[in-house]
K.L.:
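My questions all concern the structure below.
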Amino acid sequence: PVTDRETILRARDTVNSIYVEEKLEEYMVDIVFATRDPQRYGLDIGHLIHYGASPRASIYLNKASRAYAFIHGRGYVTPQDVKTVAKDVLRHRIILSYEAEAEEISTDEIIDIILERIEVP
């Protein structure tokens with residue numbers, strides 16, 4: 001065995017204790033909301049998204065950001081951590097419109113647009 005149950009449980013507890021500033025949590029929520037209501041954030045991409053990410057996506061964006069910080073030996077999450085994991089968390093949670101598919105626009109491109117436009121705290 002590479003590890004044991006106790007080590008995994010301790011690592012999970014450590015990940016859950018990684019600090020996330022409140023402004024950074026709001027940033028994550030804004031990113032997810034921007035997939036559902038892009039006009040609210042000044043984004044002209046609403047016609048490209050059929051369904052945006054659910055509120056649950058913000059929970060997983062938070063968890064993945066914490067895990068990323070843990071892997072990199074930090075006790076806190078940075079905006080770059082959020083940006084780094086955003087595509088992996090959101091890619092399968094956004095359903096593109098037929099128009100986006102016709103224009104060969106990917107979910108990664110939509111996420112890039114959102115990340116570029118949502119103000120980083």
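Worth saying up front: this structure is predicted, and the values here are computed from it rather than measured.
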K.L.:
Verify, without hydrogens or angle tests, whether R93 (side chain) and V89 (backbone) share a donor-acceptor contact under 3.5 angstrom.
P.N.:
yes
K.L.:
Roughly how far, to the nearest 0.5 Å, is CD of E104 from CG of L96?
P.N.:
12.5 Å
K.L.:
Is the shortest side-chain heavy-atom distance between Y27 and K83 below 4.5 Å?
P.N.:
yes
K.L.:
Output the distance between atom CD1 (I111) and atom CG (L90), rounded to the nearest 0.5 Å.
P.N.:
5.0 Å
K.L.:
Looking at side-chain heavy atoms only, is the closest gap between T14 and F70 below 4.5 Å?
P.N.:
yes
K.L.:
Could you give the distance from CG (L24) to CG (L61), rounded to the nearest 0.5 Å?
P.N.:
9.0 Å
K.L.:
Tell me whether D13 at atom CG has more than 12 heavy atoms from other residues, nucleotides or ligands lying less than 6.0 Å away.
P.N.:
yes
K.L.:
What's the spacing between Y98 OH and H50 NE2 if we round to 0.5 Å?
P.N.:
7.0 Å
K.L.:
Quick check: closest heavy atoms across I31 and I114, and the distance to 0.1 Å?
P.N.:
O-CG2, 3.9 Å
K.L.:
Are V29 and V120 joined in one hydrophobic group, where the rule is that I, L, V, M, F, W and Y side chains link up if heavy atoms are under 4.5 Å apart?
P.N.:
yes
K.L.:
Other residues, nucleotides and ligands only: do more than 12 of their heavy atoms fall within 6.0 Å of OH on Y41?
P.N.:
yes
K.L.:
If you count heavy atoms of other groups shown closer than 6.0 angstrom to CD of E6, is the number above 12?
P.N.:
yes
K.L.:
Distance check, rounded to the nearest 0.5 Å: R36 atom CZ versus S54 atom OG?
P.N.:
7.0 Å
K.L.:
Given side chains that start at C-beta, do those of E25 and E21 come closer than 4.5 Å, heavy atoms only?
P.N.:
no
K.L.:
After noting the C-alpha distance and the side-chain angles of D81 and T78, does the key distance pass the side-chain hydrogen bond (donor to acceptor under 3.5 Å, both in side chains) rule?
P.N.:
CA-CA 5 Å; D81 296 336; T78 67; 3.3 Å; yes
K.L.:
So that I can tick it off, tell me whether K87 and D112 are bridged by a salt bridge, with the cut-off set at under 4.0 angstrom between side-chain N and carboxylate O.
P.N.:
yes
K.L.:
Once you round to the nearest 0.5 Å, how far does CZ of R117 lie from CD1 of I45?
P.N.:
9.0 Å
K.L.:
Counting only heavy atoms not in E119, do more than 12 fall under 6.0 Å of its CD?
P.N.:
no
K.L.:
State, to 0.1 Å, how close P79 and P121 come at their nearest heavy-atom pair, and which atoms those are.
P.N.:
CG-O, 4.2 Å
K.L.:
Does atom CZ of R12 have more than 12 heavy-atom neighbours, drawn from other residues, nucleotides or ligands, at distances under 6.0 Å?
P.N.:
no
K.L.:
Any side-chain heavy atom of I49 sitting closer than 4.5 Å to one from T107?
P.N.:
no
K.L.:
Between I110 and T35, is the side chain to side chain contact (heavy atoms under 4.5 Å, CB included) condition met? List the steps.
P.N.:
CA-CA 8 Å; I110 296 296; T35 69; 5.8 Å; no
K.L.:
What verdict does the side-chain hydrogen bond (donor to acceptor under 3.5 Å, both in side chains) test give for T7 and D4, after you've listed the backbone C-alpha separation in whole Å, the side-chain angles of each residue and the deciding distance to 0.1 Å?
P.N.:
CA-CA 6 Å; T7 303; D4 57 33; 2.7 Å; yes
K.L.:
For A100, does its backbone N or O pair with a side-chain atom of E103 as donor and acceptor, under 3.5 Å?
P.N.:
no
K.L.:
Using side-chain contact (heavy atoms from CB on, under 4.5 Å) as the criterion, point out the one residue from V82, I113, D30 that pairs with I118.
P.N.:
D30
K.L.:
Quick check against the 3.5 Å criterion: does R66 have a side-chain atom that pairs as donor or acceptor with the backbone of I18?
P.N.:
yes
